[in-house]
Structure formats: C-alpha cells, structure tokens
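These notes are about the structure you will find just below.
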Amino acid sequence: MEISDNIIKWAHQALKELYKVEDTELKLVVNETRKDFDGDYTLVVFPLTKYSKSSPQQTAEDLGAYIVERSEIFSAYNVVKGFLNLSLSDASWSQILAHLRTAGLEINLADADETVMVEFSSPNTNKPLHLGHVRNILLGWSTTKIFEACGYNVVKTQIANDRGIAICKSMLAWKLFADGATPASTGTKGDHFVGEYYVLFERKLREEYTTWQSTDAAQSLLEQSTDSSDPESFFKSYKNKYFNEYSELGAKAKSYLQRWEAGDEEVVALWKQLNSWVYSGFDETYDSLGVDFDKIYYESNTYLRGKEFVKTGLDNGIFYQKEDQSVWVDLEDAGLDQKIVLRSDGTSVYITQDLGTAELRYQDYQAKRMIYVVANEQDYHFKVLFEIMKKLGAPYADGLYHLSYGMVELPSGRMKTREGTVVDADDLLLEMREQVVSNAVEKGGLEDLDQESMDQVYDQITLGALKFFMLKVAAKKNMVFDPAESVDLQGHTGPYVQNASVRISSILRKYGDKARADWSRHVPIDAGKELIKLMLSWQDVLHAACKSYDPSQVANFSYQLAKSFHKYYHDAPILRAEPEVQAFRLELITQVQKYLKYSFDLLGISIPERM
RNA sequence: GGCCGCGUAGCUUAACUGGAUAGAGCACUUGACUACGAAUCAAGAGGUUGCAGGUUCGAAUCCUGCCGUGGUCACCA
C-alpha cells in the first residue's frame, strides 16, 4: 500500500478520462504535503497543463474532484497554485496502521540469489585504527546491512595491507630497540604495540636525517640544488631521496623488504609475529565496534596476482609494452591518462594487484557487484581500475562501485601523524564511554541493574552516539569530527533516537499484557498522523538508501521518526486515555518502536530497553 | 597548472534528485517536571543557499564563468 503510487495511478486514470492522455509513462511527482498547508500528500500538476490546456489551478481542481469522488482513501482536496493537496479520510488512518503491523520492513531489489561483495576497513598492519578507519568501517557495515535488507546475499570482506615498507619499518625498529618486549610483557594492545615501533622508527630516522644534514656531503648537495635556496624546504623535499639513497635505517628497512620478498625465513618469521599481534589488536577493536567479516584477503597473498591479466591485456592489444618492458594502458579515450600496469622489472604495481584481487573474488563468490568502501583520495585510482576492467571485458565490470567518502577532519584541521593529532579508534571509544557513564550516573535510574546489564547499556549508548554521529552525514562529504560535540547526547544524536524507543518500552512495560480494546474507528491526532505517514515512507527510504549507497538516509529517517514520536509522547497521553484511544496509541507506538529498532539495526546500532 | 569533489544560519548539517514561505541540531534567550522517564517538549532570534550570468511555469539542485577550499596528478600503496 504505497500512497504515492496510489495517487499516481488515480492521476493517470483521470488524465486519460478527462484529457484523453494515453501516456502511462508520464512521470508524476508526489510529495508529502508541507506542514504549512492542509492535506497529507501533494501532486504537482504544473507539468500537466500542456495536456489539460487549462491553468494549473483548474487542472488541479479537475484532478482533485475526480480523485476524491472515486477514491476511498482520500476525502478532501485543496489547490494552492499548481499544487493539489489531498487529505486522507478519517477511516484510512486505522487501516494504514493495521497494514503497518504486517507490512514487511525489507524490500527486494535483487535478482534471484544475487550476491554483492562489500570491501571495507582494509587497514595497513603497521599501526592501529584511527578515526578515518572508523568512518570507513561504519559506512561499510551499514551498507552491508542495507543491501541485505534489500534482498541481496552480502559478503563482507577486507584486504589486509600486510606487506611493504611500512611493516618493515616496524619490524626493524622492534628488532633494534625492543629488546624482546611483546604486547604481553608490556601489557599493550597488539596493534598499538606495533604502531609504537613504527613511530619509533620514524623518530630515529628523523634524528639520523638531522645529523646527516650537517655533513659535508649534504651541504654540497644543498649548494648544488637550483630549485631551492632555502635549506629547510630543500631538506624537506629531499627526505624521500635521502631515505632511499643515504639513510642507514632506510637501507636496513629496504633490505628487510627484499629479504621478505625472497622468502627469507628469519624475516618472514618476524613479519608473521608482528602481524599476528596487530590482528589480535584489530580483532578487539572490531569486536568493540560490533563488526565482523566473512572473508579476509591478504595483500601478501594477492600482490603478485594480476600478471595474467596483463598478459591477456597484451594479447588483446588493450595494453602495450614500452622498450624498457614496462606495460601500459591508454585510457585517454575515456578521459583518463596513460597508466602503468606492470613495472619494467616485471613486478606488480598497486593497480595490478587490484585487478588480480577482483578476479580472485569473482572466482570465489561469483559476485557481479563489488562495492569498495575507500576514501575519496583514491577516486582517480578507482576510475582507472574500473575502466581497465571494462576494457578487459570482465563480466562483473559494470557492477563495480567505489563508495567514496570524504575525509574526517578535526576542528583544528586534518589529522596529521607528524603532529600527533591522529584520533585513535580505541581511545575515542573509551573517552566517549566515560562521558556516557558520567551522564547516566548523573541522570540516575539504572541503579537496580546488575553491573553486567549496566555495562551493556553503556556500550549500546556509546556505540549509538558514535555511529549515528558518523553515519548521519552523507558519505561523500568531508566531515568535521568534534570530539566534544560527539559525546553530546542531546539533540540530533543516536541517544536521542534510542531514548524514544526506551520511552516506548517503558509504557509498554507498564501497560503489560492486559487485553486491548478495538481501535479500528479511532482517528489519530496530527502528531499521530505524522508518525503513520513516516512509517509508510520507510520502503521508499530503504530503496533510495540502497540505490544511492547512502546510510545517511536511513539515519535521517530514524531521527525524523524519533523526533515525531517525542512530540507525540508529549501531546498524546496513553496510559490515562480512554480504552479505544489507548488501544490505538499503544498499537501506534509499538509500530514506531519496530521501525526505530529496524532502521537503527541497519546502521549497526542496537537499542536498550532502559537507559 | 590539468583533472575530480565540496561551498547552505556563528558552528554541525537536511532538503524525497527541478517543486510551495530552504528544514533540523548545537550554542544563545524564554517557558514546561508532586510525570506514560526532562538524554524530553514548546516558543524566540538567527539565511541574498560563495559570486555573476543562463536554461523555464519554477533553481540550493541543471549549464557557463569566476572566487574559496580539499583531494589527486609516482615504475608508492
């Protein structure tokens, strides 16, 4: 029972009878009526005047009279300019409520047995997860829930970037300076432990570099440089080259990388040791965020893949080889550049690996759709990747989607490792939880719960606050994360929505199992009508969220519903109402809670019974 | 500099993808708790939707050009 579809159907019928319009494809727009006008739903008639050959007002009058006379659910209409406002009849409200009791929360947008793969998180294994990862993880998780709700089989995956120079830096620093320390011996979470050695490496390297800058060799390089007279900026831009050509630490780290690629036993064992520490740390963080994965791919297993792709691409003439043996693809006809896909020494580059991984995943799951949740700094990379896939004719090429999201910035600007402004995921959760506990203690009311139940409620509120804060903003926008504001539990927040449900639980608990009167003839107050209309729009919201890969639409829905409920709660006494009224209201808030819980579940947020 | 995003109240943001007088939250001012739970509600103030053109019945939304801002332009990942 979709009201807007219903209106469109009537409008088409009216157009046919009144104006002999046969075009059933004609696109009509129906909105919910704005609050300042009478009515529940509004049909925009401006585009129809070319058929009616009369003014917008007259056309709307004609359509309104036609529909109200014949339809049972609309009892009145009014016209403002070219807008036809239709009002639902008194009798239809309880019918719609009855309908909502059994209406499905899920929809089906998928082909039979259609699988979609969602990649998210995808961390480097040399340091802990931070705020940026949190946005990624929450977006990815909610996306999987939304696709499941739309009938897809979903495979949650990530690629662990577990090899490369970064982890080698941590390995080397640990080897040189740790003196055998472990996460267990120091009481440190594994990923933080390894991260500390990465930071230590960078610090030692900086010290080494500073010392080197005053050597004769460095000074003569500075004098020879033409593009920069200022020593500070010269050495800043020279750092990479220093690392690669002069640095002792750099040379050692690079030798680790080479030995790793050669399968050197000692280095591989060290690498495994550090990574295992990191994974156990990540697992804790994922666990406290309430997320998990079906399948993890490791870069160390896949980074050599993709070469067969390059070969077929060469055979098909899609790629070409330069004299130095490097392989390239020309994407200029698609508005992109020429891009290298294989180095002159025959080794893979980043994109080669992604080509191979996509193919591997397709072999594993036959998913014709793959969603990559990756920050927008890689927009260009994914354009190139998808374009290459198309050229290669991969059967899943059209189903590849980059769910690009904006950077998370702090009020002071972008997070910078150098300046120590990176917000650690675990620290953030702890701080927010402290705030939640202190608010709850001040507010009181949970004293009779045992410690375990109380802890669970605190966790639910903490995660509700964090997840809602991050998911309410449209993914592609950069967002400003204000730690102070994020722990605010009032206003446009997760706890505000949770509180609506908690209030409903409280009423239902107090009412108990007593029998309820017949409510089928009751007509709700305005705030109740608002709730019914909102719930009726749910399937459209879910549809749009899925089509646009956008959890923020679900977040906005739940907030709207909670806000309308809080008003209803204020306007409509329930336990003190007459039996018939009471029964209607109990049913209404039962349904509201169902929609609140379900929409929040799609955001990855659970709702407590008390808070 | 080329290419790709993004500019909405002091701050954080929404607007059903072209529809009515641009909605909310925070902060600010004011009112409502011997209560179905005040993590709430109600009211006030706050806007030339970066600027200038264009497209049409109608533009925050589409087009063009500026301005600001971020990202990206490696045989790094």
Side-chain angles (χ1 to χ4, degrees), chain A residues 4 29-37 42 44 46-47 49 55-56 80-83 85 124 161 163-166 240 299 303 322 324-328 335-337 340-345 347-351 353-354 375-381 383 404 406-407 409 411 414 436 439-440 442-445 461 465 469 472-474 476-482 484-485 488-500 502-511 537 540-541 544 548 552-553 556 559-560 563 566-567 569-577 582 585-586 589 610-611:
Chain A
S4 44
V29 178
V30 173
N31 301 317
E32 281 186 37
T33 303
R34 295 180 65 101
K35 287 213 167 57
D36 331 298
F37 300 95
T42 298
V44 182
F46 288 105
T49 51
S55 70
V80 180
K81 291 194 274 182
F83 299 93
N85 301 320
N124 295 325
N161 298 301
R163 50 149 241 123
I165 192 69
N240 237 355
E299 189 191 358
Y303 82 108
K322 290 192 176 173
D324 64 0
Q325 301 301 302
S326 60
V327 180
W328 295 71
L336 305 168
D337 293 326
I340 188 163
V341 293
L342 203 65
R343 292 194 189 99
S344 51
D345 63 5
T347 58
S348 297
V349 291
Y350 181 44
I351 202 153
Q353 162 193 174
D354 272 357
N376 64 9
E377 58 193 347
Q378 295 200 38
D379 282 356
Y380 186 74
H381 170 75
K383 273 187 189 165
S404 167
M407 298 282 143
E409 291 172 8
R414 199 173 170 179
V436 165
N439 277 44
E442 187 188 334
K443 182 174 162 292
I461 299 173
F469 191 92
K472 72 180 179 183
V473 181
K476 77 168 175 178
K477 292 198 152 184
N478 284 2
M479 68 176 292
V480 175
F481 185 88
D482 185 341
E485 196 190 325
D488 193 341
L489 308 178
Q490 322 212 331
H492 194 180
T493 67
Y496 173 90
V497 179
Q498 288 172 320
N499 186 231
V502 165
R503 282 176 141 183
I504 293 171
S505 290
S506 174
I507 295 173
L508 295 177
R509 209 163 36 232
K510 285 216 163 112
Y511 185 82
S537 74
D540 288 341
V541 171
S548 54
S552 75
Q553 303 199 27
N556 282 333
Y559 175 72
Q560 270 306 328
K563 187 171 162 56
H566 279 305
K567 180 174 171 50
Y569 177 88
H570 187 264
D571 291 354
I574 295 171
L575 296 181
R576 279 178 279 129
Q582 180 180 67
R585 290 176 177 175
L586 285 168
I589 64 171
R610 298 171 52 180
M611 63 189 280

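Nothing here was measured: the structure is a model prediction, and the numbers come from that model. Numbers restart at 1 for each chain; the letters A, B, ... are given by sequence-line order, proteins then strands.
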| Nucleotide nearest Phe46(A) (side chain, heavy atoms from C-beta), chosen from U12(B), G19(B), A39(B) | G19(B)
| request: Identify whether the glycosidic angle of U21(B) places it syn (within 90° of 0) or anti. | output: anti
| query | Within the structure shown, what part of the strands sits under 4.0 Å from Ala500(A) by heavy-atom distance: base, sugar-phosphate, or nothing? | reply | nothing
| task | Side chain of Arg576(A) only, please: which of A77(B), C36(B), A20(B) is the nearest? | result | C36(B)
| said: Can you check the distance between G19(B) and G23(B), where both ends of the measurement are the P atom (answer in whole Å)? | reply: 15 Å
| message | In terms of relative ring orientation, are Phe469(A) and Phe481(A) parallel, tilted or perpendicular, with 30° and 60° separating the classes? | response | perpendicular
| message | Between Leu575(A) and Lys563(A), which residue's closest nucleotide on RNA chain B lies nearer the 5′ terminus? | response | Lys563(A)
| query | Which of parallel (below 30°), tilted (30 to 60°) and perpendicular (above 60°) describes Phe83(A) and Phe46(A)? | reply | perpendicular
| message | Side chain of Val80(A), heavy atoms from C-beta onward: which of G25(B), A20(B), A42(B) has the nearest atom to it? | response | A20(B)
| Trp328(A) side chain near Val341(A) side chain, heavy-atom distance below 4.5 Å | no
| request: Give a yes/no answer on whether the side chain of Tyr380(A) brings an N or O atom under 4.0 Å of OP1 or OP2 in A77(B). | output: no
| said: Let's see if you can work this out: which of A39(B), A14(B), G25(B) has an atom nearest to the side-chain heavy atoms of Lys477(A)? | reply: A14(B)
| field | Verdict with supporting geometry, Arg343(A) and Thr347(A), side chain to side chain donor-acceptor pair (under 3.5 Å) | value | CA-CA 5 Å; Arg343(A) 292 194 189 99; Thr347(A) 58; 2.9 Å; yes
| According to a strict under-4.0 Å criterion, is Arg34(A) in side-chain N/O contact with OP1 or OP2 of C16(B)? | no
| message | Under 4.0 Å, heavy atoms only, any strand: does Tyr496(A) hit a base, just the sugar-phosphate, or nothing? | response | sugar-phosphate
| request: Tell me what Thr493(A) touches on the nucleic acid: a base, only sugar-phosphate, or nothing, going by heavy atoms under 4.0 Å. | output: nothing
| said: Starting the side chain at C-beta, find the nucleotide from U13(B), G70(B), A77(B) nearest to Asn478(A). | reply: G70(B)
| query | Using atom C1' of each nucleotide, how far apart are U13(B) and A9(B) to the nearest Å? | reply | 11 Å
| field | N/O (side chain, Arg503(A)) to phosphate O (OP1/OP2, A38(B)) under 4.0 Å | value | yes
